[in-house]
Participant: 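Okay, handing you the structure first.
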Number of protein chains: 2
Amino acid sequence: METRELRYFVAVAEERHFGRAAERLGIAQPPLSRAIAALERRLGARLFERTTREVALTDAGAVLLAEGRAALDAVLAAEQRTRRAAHGPGIVLVAKAGASAELLAKLLDAYAAEPGAVEVDVQLCAVHQAPWLRSGRADVGLLHRPYDDLSGFDTEDLLSEGQSLFVRRGHPLASRTELRTSELADLPLPRWPRPDGGYPDGPGPEVRDLTQLRQLISLDRAIAVLPDSISQGGDDLVGIPVVDAEPVTTLIAWPPHSRSRAVADLVRCATRL
Amino acid sequence: METRELRYFVAVAEERHFGRAAERLGIAQPPLSRAIAALERRLGARLFERTTREVALTDAGAVLLAEGRAALDAVLAAEQRTRRAAHGPGIVLVAKAGASAELLAKLLDAYAAEPGAVEVDVQLCAVHQAPWLRSGRADVGLLHRPYDDLSGFDTEDLLSEGQSLFVRRGHPLASRTELRTSELADLPLPRWPRPDGGYPDGPGPEVRDLTQLRQLISLDRAIAVLPDSISQGGDDLVGIPVVDAEPVTTLIAWPPHSRSRAVADLVRCATRL
DNA sequence: CCGCATTGATACCCCACCGGTATCAGTGCC
DNA sequence: GGCACTGATACCGGTGGGGTATCAATGCGG
């Protein structure tokens, strides 16, 4: 199976429409129909149930969609990491902007002091670091359990912390000393983007990143449950511990094939912090 | 990057010889040279240092070899699992022949009693179950830590046990009641095949699977350190606990993309045993 | 030191296949 | 029943992947 065929299949599976998929792929619809038909013939499996009104995945098609996405990610990652390796010996670390700032600083300092340390390009992204690792844009990342999907990565836990509800100073809840998750059920908590970029439905505000969220809280336009360490001096946020909230673990994650010396050194540094 | 190019690259990287790689791929040498050159041009990375006498991987080439193998595995797995899904709703479980027999039997019974259970095709392989999972020949496997390479899989621990030195009844060590790893250093322990099929060097006998090993021990042609549960009634093996040996954990492992109901049910069954 | 064997690169040719346009055929809807 | 929509089919042209023949560089043996 060629990656071109997989890309074609995934496009049709996601669009559920040959015409739109062809447009997205930058080709005409007939060659796309033929490519899918040829793929089905060689796999000996019907992948779509088509009528002129609807294109639906079969069971086999659903399997190929899940597996094929992962396979395309792996091919893309191979390409990206090779390109970067040819450029120089540096590695790319991805972390969530505004989170684990202190831990990240300590880690970078400790690694820089290591003999044989290479340049570390730090990429701070809004949310969803995992796709950076899966697509090969990054070599190692600081992720958070249970928020990030860790499947397929090797990981080492770095630190665990509780969660608090953060509100503006003066908020009705600001005087409380502790809360329970049962009390949070009806609050308009912020909505984070899904991996596909859309937002779930709900009453809370849509947020893109932690900086934006912190400002919204300061403006009393949002309240949010976040790890304790989010609190930074200088702004008028109040954190009320949610005593029975699931603890959040910051961990370092990397793709398991990576036998790179630099990543191994960085991970070792992190676990010794 | 197309999988054809990746296959070509991996063949050259493994053979370190364009002629032999071309033969292995079933094509002539010139198109292979051109394909690699085109790949290097598009990646902007030199992958091999070639002289007429030697072909060596560059740093970027080493990265592409590691990542590319994983990517090819993922593509192959997508193809295999799709083929199998089209055939019917069953799943394939792979386990090591002769190991965890009791656990496996209980698991299969428990799962069969589950509502919505599908057919489970049990594949017993000699060693190295992990490649079955990586290549898509199996959907779920019983593996052993620390023996198997678990990287890239989701896992759930099932049971942990100590290890014993197994010898024939009457062997000089058979009268001992316990041993320490330090006493085993000079013993001719059996040599298992590496993933590539070759055997490491050493004084012990080469073994292919547990049945063969058990028979060799019965014939006093081998002694081996194995998990306690290997012992089965009826043969003349004696197990002497190695009190400070690393415990062996039997676990159930599956590829993380698998969102299949059947695999999830099986895993849930296993954790409840 | 000079052939010579070895091996990767180059030149050139052919055809398979991918993609394009035109068109057909099945289906739901007004 | 006509019409819009959508996937499949027919046919054609060009790119590029694969083949053979050959060159060029390198190490080795006489």
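Just so it is clear, the structure is predicted and the values come from calculations on it, not from any experiment.
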Participant: Inspect the contact between A:Arg20 and A:Glu14 and indicate whether a charged nitrogen and a carboxylate oxygen are less than 4.0 angstrom apart.
Facilitator: no
Participant: As a test of reading the structure: which of D:dC5, D:dG19, D:dA10 is closest to the side chain of A:Pro30, going by heavy atoms?
Facilitator: D:dA10
Participant: Tell me: CZ of A:Arg50 to C1' of D:dC5, nearest whole Å?
Facilitator: 17 Å
Participant: Taking B:Arg50 for the side chain and B:Phe48 for the main chain, is one N or O donor matched with an acceptor at less than 3.5 Å?
Facilitator: yes
Participant: Rounded to whole Å, how long is the line connecting atom CD of B:Glu2 with atom P of D:dG17?
Facilitator: 9 Å
Participant: Select from B:Ser33 and B:Arg53 the residue whose nearest nucleotide in DNA chain C is closer to the 5' end of that strand.
Facilitator: B:Arg53
Participant: Rounded to the Å, how far apart are B:Leu39 CG and D:dG17 C1'?
Facilitator: 15 Å
Participant: Measure from CD on A:Glu54 to C1' on D:dC5 and round the result to the nearest Å.
Facilitator: 14 Å
Participant: For DNA chain D, what residues of residues 15-25 of chain A have any heavy atom nearer than 4.0 Å?
Facilitator: A:His17, A:Phe18, A:Gly19
Participant: Looking at B:Ala262 and B:Val118, what are the two nearest heavy atoms and their distance?
Facilitator: CB-CG2, 3.7 Å
Participant: Could you go step by step and tell me if A:Thr3 and B:Glu2 meet the side-chain hydrogen bond (donor to acceptor under 3.5 Å, both in side chains) rule?
Facilitator: CA-CA 5 Å; A:Thr3 54; B:Glu2 292 302 314; 3.0 Å; yes
Participant: At a heavy-atom distance below 4.0 Å, which nucleotide of DNA chain C is the first touched by chain A, and which is the last?
Facilitator: C:dC18 to C:dG28
Participant: If I take atom OH in residue A:Tyr8 and atom C1' in nucleotide D:dG7, what distance separates them, rounded to the nearest angstrom?
Facilitator: 17 Å
Participant: Just by modelled atom types, is the A:Met1 backbone N or O under 3.5 Å from a matching donor or acceptor in the B:Glu79 side chain?
Facilitator: yes
Participant: Closest-nucleotide mapping onto DNA chain D: is B:Thr51 or B:Ile27 further toward the 5' terminus? I mean the 5' end.
Facilitator: B:Ile27
Participant: Excluding sequence neighbours, so at least two apart, what forms ring pair (Phe, Tyr, Trp, His ring centres under 6.0 Å) with A:Tyr8?
Facilitator: none
Participant: Can you check the B:Arg34 CZ to D:dG19 P distance for me, whole Å?
Facilitator: 9 Å
Participant: On DNA chain D, compare the nucleotides closest to B:Gly26 and A:Gln29; which residue's is nearer the 5' end?
Facilitator: A:Gln29
Participant: Salt bridge check, B:Arg84 against B:Asp139: does any charged N sit closer than 4.0 Å to a carboxylate O?
Facilitator: yes
Participant: Can you check the B:Ile36 CD1 to D:dG17 C1' distance for me, whole Å?
Facilitator: 14 Å
Participant: side-chain hydrogen bond (donor to acceptor under 3.5 Å, both in side chains) between A:Arg53 and A:Thr51: does it pass, once the steps are laid out?
Facilitator: CA-CA 5 Å; A:Arg53 280 313 195 197; A:Thr51 68; over 6 Å; no
Participant: Need to verify one output field. Residue with the more 5' nearest nucleotide on DNA chain C, B:Val55 or A:Ala35?
Facilitator: B:Val55
Participant: Please check if the side chain of A:Arg69 supplies one atom and the backbone of A:Leu64 the other of a donor-acceptor pair under 3.5 Å.
Facilitator: no
